[in-house]
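Down below is the structure, laid out as structure tokens.
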Amino acid sequence: MQAEHEETREPMTATRYYPIGIQTFSEVINRRCVYVDKTDLMWQLQDRYKYVFLSRPRRFGKSLLSSTFHSFFNADKELFRGLKVMQLEQQWQQYPVLHLELSMAKNQPSAEKLEETLMWLMNPLAKKYGVDASDAPSPGKMLWSLTQKAYEQTHMPVTIIIDEYDAPLLDVLHEEGLLADIRRVMQEFYSPLKMLDPMLRFCFITGITKFSQLSIFSTINNLYDISMLPEYAAICGITEQELTTTLAPDIELMAEANGITPEQMHQRLKEHYDGYHFADVSPDIYNPYSLIKAFDSKRTGAYWFDSGTPSFLIRQMQHFRTDITDMERLEQPASAFDKPTEAMTTALPLLYQSGYITIKGYDRESQEYTLSIPNQEVRIGYTEGLLPAYIGMNGGDVQSGFAVKFWKALRKDDIDLALREMQAYMASLPYVEGFKKKLEEAATREGFYEYTLYLIFSMLNVYARTQVKCHRGRTDLVVEMPATTYVFELKVSGTAEEALQQIDSGDYALPYRTDGRRVVKVGVKFSADTRAPEQWVISN
């Protein structure tokens with residue numbers, strides 16, 4: 001809905017205001033921005049639980065939800081006129097609110113600096129309630145004193161909201177010594193929360209990752225994690241139903257600007273931003289940040305990656321030697337990805353919690369989840385971020401030069417021309433500095449070229465899968481275009497003819513002959529010296 005009061009709502013006009021960069025509920029409402037009403041879920045959550053933890057990817061609406069809780073417990077009733085919570089809440093009692101945004105405390109070089117920053121964040125609240133820093137010399141003691149003073153002065157239980165609790169920890173995940181020091185500071189900070197129970201009305205903590213209660217939240221063993229509960233799967237993000245009802249006018253406006261029908265625009269938005277699921281039973285969830293940016297600019301783009309792929313994620317993927325080509329389909333129990341960050345033995349929990357893979361299905365009998373990349377935006381964005389880290393290519397160079405020619409050849413279904421463009425480009429490729437030794441070792445293995453082709457196709461928004469199981473083995477690479485399916489077999493030591501023969505003898509193309517698309521078999525030999533396609537054979 002446009003954030004306006006129900007009683008005075010005006011007829012829809014062509015002007016829609018979007019909360020670009022606005023994470024404060026009162027600002028969204030007062031500026032009359034488009035707002036998708038989640039206040040019924042918010043109300044149910046605070047009515048049912050006292051200590052709540054929610055994990056969601058970055059830019060997924062956690063901060064706006066935290067701010068909405070703040071306004072609710074502050075009894076800012078006027079802001080909620082026309083919203084669902086008005087039918088649920090009867091009392092509108094005002095409570096003191098301690099709301100801390102810990103994204104301001106990231107990138108701290110030492111435990112001492114983190115302590116200083118936490119104290120600085122609480123300084124406005126200390127002034128409000130008259131707490132002297134000399135009487136509360138540490139973050140945990142300050143939190144205790146603030147809660148006690150607020151409770152004593154108002155005679156009302158206190159609401160504590162901590163948004164992005166893990167921000168100080170994420171960038172030091174790979175620095176074992178500093179991580180331990182930062183963790184100790186955070187332990188001391190959170191330690192009062194359970195002891196403050198008699199003085200608390202509600203405690204809401206959000207973050208991207210899940211650090212175990214023992215290592216971070218100390219004695220708070222009653223913090224309830226709602227991150228994978230079906231009833232709260234849609235508390236952040238935009239559902240398919242919300243898109244086609246509340247945001248239907250925005251689809252129409254964007255469709256008009258792009259000269260296509262609303263149905264075509266809807267499908268384009270779905271391909272780019274839909275596909276998230278946060279429970280075994282979950283509606284389709286769209287990335288809210290990217291969706292709003294697309295509506296405002298009237299263009300689809302990889303907006304979630306405006307600030308780049310998080311460095312902490314790349315480092316962890318490299319640390320655990322993550323096979324990125326597996327990301328298209330993973331079948332795992334919840335224990336493999338819904339687990340504390342410090343207990344990781346693979347990068348899977350971080351990939352899931354960061355939103356780079358999501359739930360795509362659930363088998364109740366085996367209790368296994370199917371995980372995959374959510375949508376085109378994520379596939380393109382993370383591919384560009386991974387090109388330098390995994391195969392030494394510069395993502396910008398790929399996109400600015402070779403990509404356009406390669407894409408045009410693919411659109412013409414001319415795989416021969418596409419491979420010639422790839423041959424010319426890769427033979428003279430400017431690889432990322434410092435990658436030479438690693439590259440020379442990798443170039444002797446066929447898996448390196450699977451990675452290379454997979455990432456290039458993914459960057460161009462072409463659906464590609466590696467090591468695809470079939471009746472008689474595994475296909476190196478399957479690429480699906482609108483009119484054609486390409487079945488690739490890659491060789492380094494063998495010949496292109498041998499690669500094509502392997503496709504035929506293994507019946508690798510057989511599963512794709514019934515979907516109406518042309519099937520093209522491609523055997524490719526790569527040179528370990530030039531790291532480019534050396535010869536290829538194509539057969540329809």
Side-chain angles (χ1 to χ4, degrees), residues 41 53-57 60 208-210 212 224-243 270-271 273-287 313 316-317 320-341 343-379 382 450 454 458 463-480 485 507-508 510-512 514-515:
L41 292 175
F53 172 75
L54 174 67
S55 168
R56 284 293 183 270
F60 237 85
I208 295 174
T209 57
K210 297 181 181 181
S212 72
Y224 192 62
D225 183 3
I226 66 161
S227 304
M228 289 187 67
L229 292 185
E231 55 265 47
Y232 299 110
I235 198 167
C236 290
I238 308 298
T239 67
E240 180 73 31
Q241 182 182 22
E242 290 163 343
L243 179 67
K270 189 175 185 66
E271 291 171 355
Y273 308 125
D274 188 19
Y276 293 92
H277 305 90
F278 298 108
D280 53 354
V281 179
S282 169
D284 285 350
I285 306 288
Y286 287 72
N287 184 317
L313 181 68
Q316 291 301 304
M317 291 179 71
F320 289 112
R321 302 180 183 274
T322 305
D323 186 344
I324 53 177
T325 62
D326 281 345
M327 297 300 103
E328 295 291 352
R329 184 179 178 87
L330 288 163
E331 294 179 350
Q332 300 284 340
S335 59
F337 64 91
D338 183 43
K339 66 192 308 181
T341 307
M344 293 190 307
T345 54
T346 72
L348 191 59
L350 199 56
L351 284 164
Y352 170 74
Q353 293 159 20
S354 300
Y356 287 78
I357 57 174
T358 192
I359 296 169
K360 290 295 186 180
Y362 178 67
D363 187 315
R364 291 189 179 277
E365 187 173 334
S366 66
Q367 297 186 343
E368 280 196 332
Y369 292 80
T370 299
L371 306 173
S372 185
I373 297 170
N375 50 45
Q376 291 179 358
E377 180 190 37
V378 177
R379 181 173 287 107
Y382 102 101
E450 289 178 18
Y454 170 80
S458 295
Y463 184 52
R465 292 174 293 152
T466 66
Q467 290 297 305
V468 182
K469 293 180 182 179
C470 55
H471 180 61
R472 296 187 180 180
R474 292 177 180 266
T475 310
D476 281 346
L477 181 71
V478 176
V479 176
E480 297 182 15
T485 297
D507 285 334
Y508 293 169
L510 188 61
Y512 311 102
T514 58
D515 69 356

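Separating the CD1 atom in Ile285 from the CD1 atom in Ile238 is a distance of 8.5 Å, to the nearest 0.5 Å. Interatomic distance, SG of Cys236 versus CG of Leu54, reported as 5.0 Å (0.5 Å rounding). In this structure, Thr466 OG1 and Arg474 CZ are separated by 9.5 Å, a value rounded to the nearest 0.5 Å. The CG atom of Asp284 lies 4.5 Å from the NZ atom of Lys270; values are rounded to the nearest 0.5 Å. The line from NZ of Lys339 to OG1 of Thr209 is 14.0 Å long, rounded to the nearest 0.5 Å. Atoms OH and OG, on Tyr463 and Ser458 in that order, are 9.5 Å from each other to the nearest 0.5 Å.
With Asp507 contributing its side chain and Leu510 its backbone, the two residues share no donor-acceptor pair below 3.5 Å. Although no hydrogens or angles enter the test, the distance criterion places no donor-acceptor pair under 3.5 Å between the side chain of Ser354 and the main chain of Tyr356. With hydrogens and angles ignored, the 3.5 Å screen pairs a side-chain donor or acceptor of Gln353 with a backbone N or O of Lys210. Between the side chain of Ser282 and the backbone N or O of His277, no donor-acceptor pair lies under 3.5 Å. Formation of a donor-acceptor pair under 3.5 Å by the Thr239 side chain with backbone atoms of Glu242 is found in this model.
Summarising the geometry of Val378 relative to Asn375, their closest heavy-atom pair is N-OD1, 3.0 Å, with the distance given to 0.1 Å. Contact between Leu330 and Ile357 at its shortest, heavy atoms only, is CD1-CD1, 4.2 Å. A pairwise comparison of heavy atoms in Leu348 and Ala336 identifies CD2-O, 3.8 Å as the closest pair. Shown here for Thr358 and Tyr276, the closest heavy-atom pair between the two residues is OG1-CA, 3.6 Å. For Lys360 against Gly275, the heavy-atom pair with the smallest separation is NZ-O, 2.9 Å. For the residue pair Asp274 and Glu240, the shortest heavy atom distance occurs at OD2-OE1, 3.9 Å.
For the pair Arg56 and Phe278, the cation-pi test (distance below 6.0 Å, angle within 45°) is passed.
Between Tyr286 and Leu243 the shortest side-chain heavy-atom distance falls below 4.5 Å. The shortest distance between side-chain heavy atoms of Met317 and Leu351 falls below 4.5 Å. Proximity of Val479 to Arg465: side-chain heavy atoms (C-beta onward) are nowhere separated by under 4.5 Å. Between Asp515 and Thr485, the closest side-chain pair of non-hydrogen atoms falls below 4.5 Å. Within the 4.5 Å cutoff, no side-chain heavy atoms of Tyr508 are placed close to those of Val478.
Summarising the local packing, CD of Glu271 is surrounded by more than 12 heavy atoms from other residues, nucleotides or ligands at distances under 6.0 Å. Other residues, nucleotides and ligands contribute only 12 or fewer heavy atoms inside 6.0 Å of the CZ atom of Arg329. Within a 6.0 Å radius of CD in Gln241, other residues, nucleotides and ligands contribute 12 heavy atoms or fewer.
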Stepwise ring pair (Phe, Tyr, Trp, His ring centres under 6.0 Å) check, Tyr362 with Tyr369: CA-CA 4 Å; Tyr362 178 67; Tyr369 292 80; 4.5 Å; yes
What do the steps show when you test Asp280 against Met228 for side-chain contact (heavy atoms from CB on, under 4.5 Å), and what is the final call? CA-CA 8 Å; Asp280 53 354; Met228 289 187 67; over 6 Å; no
For Phe60 and Asn287, what are the C-alpha separation, side-chain angles and deciding distance, and is it a side-chain contact (heavy atoms from CB on, under 4.5 Å)? CA-CA 6 Å; Phe60 237 85; Asn287 184 317; 3.9 Å; yes
Would you please test Tyr512 and Val468 for side-chain contact (heavy atoms from CB on, under 4.5 Å) and show each step? CA-CA 12 Å; Tyr512 311 102; Val468 182; 3.5 Å; yes
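Counting only N and O atoms by type, the side chains of Glu450 and Gln467 include a donor and acceptor under 3.5 Å apart.
No salt bridge links Glu377 with Arg379; every basic N to acidic carboxylate O contact stays at or beyond 4.0 Å.
A search for ring pair (Phe, Tyr, Trp, His ring centres under 6.0 Å) contacts involving Tyr454 returns nothing, not counting sequence neighbours.
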